[in-house]
Amino acid sequence: MSFINELNKEQLEAVENIEGPNMVIAGAGSGKTRVLTYRIAYMIKNGIDPFNIMALTFTNKAAREMTNRISNIIGNNEALNITMGTFHSVFSRILRLNADRIGYPSNFTIYDSQDSKSLIKDIIKGLNLDDKTYNTNNILSRISSAKNNLISPEVYQADSEIQMEDKMTKRPEIGLIYKTYVNRCLNAGAMDFDDLLYKTNVLLRDFPDALNYYQQKFKYILVDEYQDTNYAQYLIVKKLAAVNENICVVGDDAQSIYSFRGANIQNILNFKKDYPDFKLFKLEQNYRSTKNIVEAANGVISNNKDQIKKRVWTNNSEGNKINVIRCYSDNEEGKIITKKIHEIINFEKVNFNEIAILYRTNKQSRAFEESLRKLNIPYKIYGGISFYQRKEIKDLLAYFRIIANNKDEEALKRIYNYPKRGIGKTSYEKIIISAHEQGVNNWNVFENINEYNVNISNGAKKKIAEFTTMIKSFSAQINNKDAYTIAKDIATSSGILKELYSEKDKGPTEVEKYQNVEELLSGIKSFVNSRTSKESNSLSEFMLDIALLTNEDIDEKSEKNDKNHINLMTIHSSKGLEYKNIYLVGLEENLFPSQMSLSTRKDLEEERRLFYVAITRAKENCTLSYATSRFQWGNLITSEPSRFINEIEPKFLNFEENDQGKSRSLSNKIRQDFGLKTNKIFKSNSLKKLNDLHYDPKINETINSDLKVGYNVKHNRFGKGKITSIDGKGANQKATIFFPHHGSKIVLLRFAKLKIIQE
DNA sequence: CCAGTACTTAGGTTG
DNA sequence: TAAGTACTGG
């Protein structure tokens, strides 16, 4: 293998030490992926059977890319025999093989977080608890963190410390909710994301033969992004590696950004306790970024107390300073950044795919999306709602789910009356109550509606019988027909296709829904075509890890996957990626760092690591921007620049003038801003005050100064009308408009998108 | 049971 | 703002 000249000394050592416990601490841009791929290729070249290797990655995409790269290095398809993927996907497969041992059917459903939330909401309602004290999201994250720490409902309810915490927050029944939730999932033959890790631990704990089998099988274990593993993941790895101790973990404590998901930075710090004779390799040379970027990032991260000692350095050129741009509003930020991008594309001939806009929260993408569209710059938004999460897709999938697994309660809830078939919510609720009284699954009552004494009309009972007959007839066929044939049948017989087809003329959203369903069906068709004769092409097979796929996984497979676009994503999803030009936007206090992270050092340090991750994505140019005002839930809030800008040494920064308002934004004035601290949040009732003081006509383009009394305008909802008066100033400006069909209305100009009609 | 409407409330990152 | 829920009258 000719890799020796492609690796530096430390990298080479990390590649060649394949026995025993190893930890690779890999600074940003230090060639971590290269080390991992070469290491695995080296193992295979040295006679290790790929079937004995397990490599756990952070995303499915990373796993696919690594498999390809290894194949290229070793020159054959052996890499396909490595067990490689995310924790969730690898262990969901193992769980399916062993499902009967832990009381699950092998075709168990995987509940996504929508399903989990909906179930928890149900339980809270069923227990007659106040849904404000028992906030669904809070409860779910509490349950999730219990599972990630392998705390069972019984332990949860018995643990005095936990009980104390819940009493303090006046939610003593969380334990009961947790217990009910677990039972309902078991009853429905469903696992949520956390169960995939939790139940794997149960399997390895309670079934020594299974543990032994997988210990023998996975003689070599590699874990990427180890800093982002949680306790449940840690323990799985520890158990599997216990016999052979050929374990290699790779990570960077400075890039740990998933504690909200239970990730425990201690896992990386504790490695030496579990494996006292471990070897440590530090990759500190950064090959990605310029000196300015590397050193600016080092300075920022040094503000954190908890970290492994290392000094990331680079031989690359000094490069440009980091630009800082001030904007007046979120919309202006969108326009200015987009304009900058437009310029480098046109004048510096930068390719679209060398550019990324990174933000803290998904909703920030909107302003950029709009401006990019106006300038005709192709872009792709990563993350956001996955294809499989769309309502129309989930509805059809719910049919597939319940056909594969009749007990899937969340699927039943979605579709018992979709499309409308005359089974009302009241009837459904009566059935649930009856099922709970009898201690059976909801489906049991559905399929035997006449045997249970449920007080609903005979008409409704008849509809229910028709519905269950349909589902059962499909269930009977599911293993005899290929996925596409049966999926198409279901889409037709259920009435979904007809329903969506008939709504198509309502508007573009409806057309899109129909197209999405068509796309799902054609995806199933190509799934069927791609299967060899040895592989199952059933619908159940297709459904196996649908819940674990992200948009990126889907795009990757699709042929129209055109990479020539600029990239928009959250900082979290930018992990592991690099771009020549990074635009890091929304650098404001309370947004980044997020308001929720301000109360503890631990949370704030994680935000700082997130900031560190963000700037180290940049190879050559990094631009930071912030807006001094921003719309949030219909209210305008003012904001101060993020403290993180201040944490970069000034010698690395270049405060750029915002050329949309040169006269207003002198760089020394920007610096003054940094002295200010807390944000003032203006709620609706104090909006007036704000407008009188701060209003800038350029703040929001929707305010149309061209409007005058007497103009004929068109309103989205009310149609044509005539302006009879305009009053108020700035953002509070409103018009009274007379609409022939709706009478006189007063509208806020900043919300009403009025079009002037030329007479 | 259903459709249209008024009201409420959302804290953020993901497999 | 936007999404989801509760209410109301057909």
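Fair warning: this is a prediction, and the values are worked out from it, not measured in the lab. In what follows, chains carry the letters A, B, and so on, assigned in the order in which the sequence lines appear, proteins first and then strands, with residues in each chain numbered from 1. Only heavy atoms go into these numbers, but all of them, side chains included; no hydrogens, no water, no symmetry mates.
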May I have the distance from A:Arg421 (atom CZ) to B:dC2 (atom P), rounded to whole angstrom?
11 Å
Considering only distance and modelled atom types, tabulate donor-acceptor pairs under 3.5 Å from the side chains of residues 227-236 of chain A, sequence neighbours left out.
residue: A:Gln227; atom: OE1; partner: A:Asp252; partner atom: N; Å: 3.1
residue: A:Gln227; atom: NE2; partner: A:Glu225; partner atom: OE1; Å: 2.9
residue: A:Asp228; atom: OD1; partner: A:Ile257; partner atom: N; Å: 3.1
residue: A:Asp228; atom: OD1; partner: A:Tyr258; partner atom: N; Å: 3.3
residue: A:Asp228; atom: OD2; partner: A:Lys575; partner atom: NZ; Å: 2.4
residue: A:Thr229; atom: OG1; partner: A:Tyr226; partner atom: O; Å: 2.8
residue: A:Thr229; atom: OG1; partner: A:Asn267; partner atom: ND2; Å: 3.1
residue: A:Asn230; atom: OD1; partner: A:Ala232; partner atom: N; Å: 3.2
residue: A:Asn230; atom: OD1; partner: A:Gln233; partner atom: N; Å: 3.0
residue: A:Asn230; atom: ND2; partner: A:Asn148; partner atom: OD1; Å: 3.3
residue: A:Gln233; atom: OE1; partner: A:Asn230; partner atom: N; Å: 2.8
residue: A:Tyr234; atom: OH; partner: A:Asp274; partner atom: OD1; Å: 3.3
residue: A:Tyr234; atom: OH; partner: A:Asp274; partner atom: OD2; Å: 2.4

On DNA chain B, more 5' by nearest nucleotide between A:Ala460 and A:Thr59 is A:Ala460
In B/S/- notation (B base, S sugar-phosphate only, - none; protein heavy atoms under 4.0 Å), nucleotides 4-10 of chain C written 5' to 3' is -S-----
Tell me the interatomic distance from A:Ile464, atom CD1, to B:dC1, atom C1', rounded to whole angstroms.
13 Å
Determine whether a donor-acceptor pair (N or O, by modelled atom type, separation under 3.5 Å) exists between the side chain of A:Asp195 and the backbone of A:Tyr198.
no
Scan nucleotides 8-14 of chain B nucleotide by nucleotide, 5' to 3', and note B when protein non-hydrogen atoms come under 4.0 Å of the base, S if they reach only the sugar-phosphate, - if neither.
-SBBBBB
Closer than 3.5 angstrom, by distance alone: can the side chain of A:Thr109 be matched with the main-chain N or O of A:Tyr111 as a donor-acceptor pair?
no
Would you confirm whether A:Arg96, through its side chain, and A:Leu544, through its main-chain N or O, come within 3.5 Å as a donor-acceptor pair?
yes
Cation-pi, A:Tyr418 ring and A:Lys391 (6.0 angstrom, 45 degrees):
yes
Relative to A:Tyr382, does A:Lys380 satisfy both conditions: NZ or CZ under 6.0 angstrom from the six-membered ring centre, and within 45 degrees of the ring's axis?
yes
Exam field: side chain A:Asp408 to backbone A:Glu410, donor-acceptor pair closer than 3.5 Å:
yes
From CG of A:Asn417 across to C1' of B:dA3 the rounded distance in Å is 13 Å
So, does A:Arg609 use its side chain to make a donor-acceptor pair with the main chain of A:Ser256 at under 3.5 Å?
yes
Using the P atom in both, what is the distance from B:dT13 to C:dG4, to the nearest Å?
15 Å
Assign each of A:Ser89 and A:Gly424 to its nearest nucleotide of DNA chain B by heavy atoms, then name whichever residue's nucleotide is nearer the 5' end.
A:Gly424
Starting at atom CG of A:Asp112, determine the distance to atom C1' of B:dG15, rounded to an integer number of angstrom.
10 Å
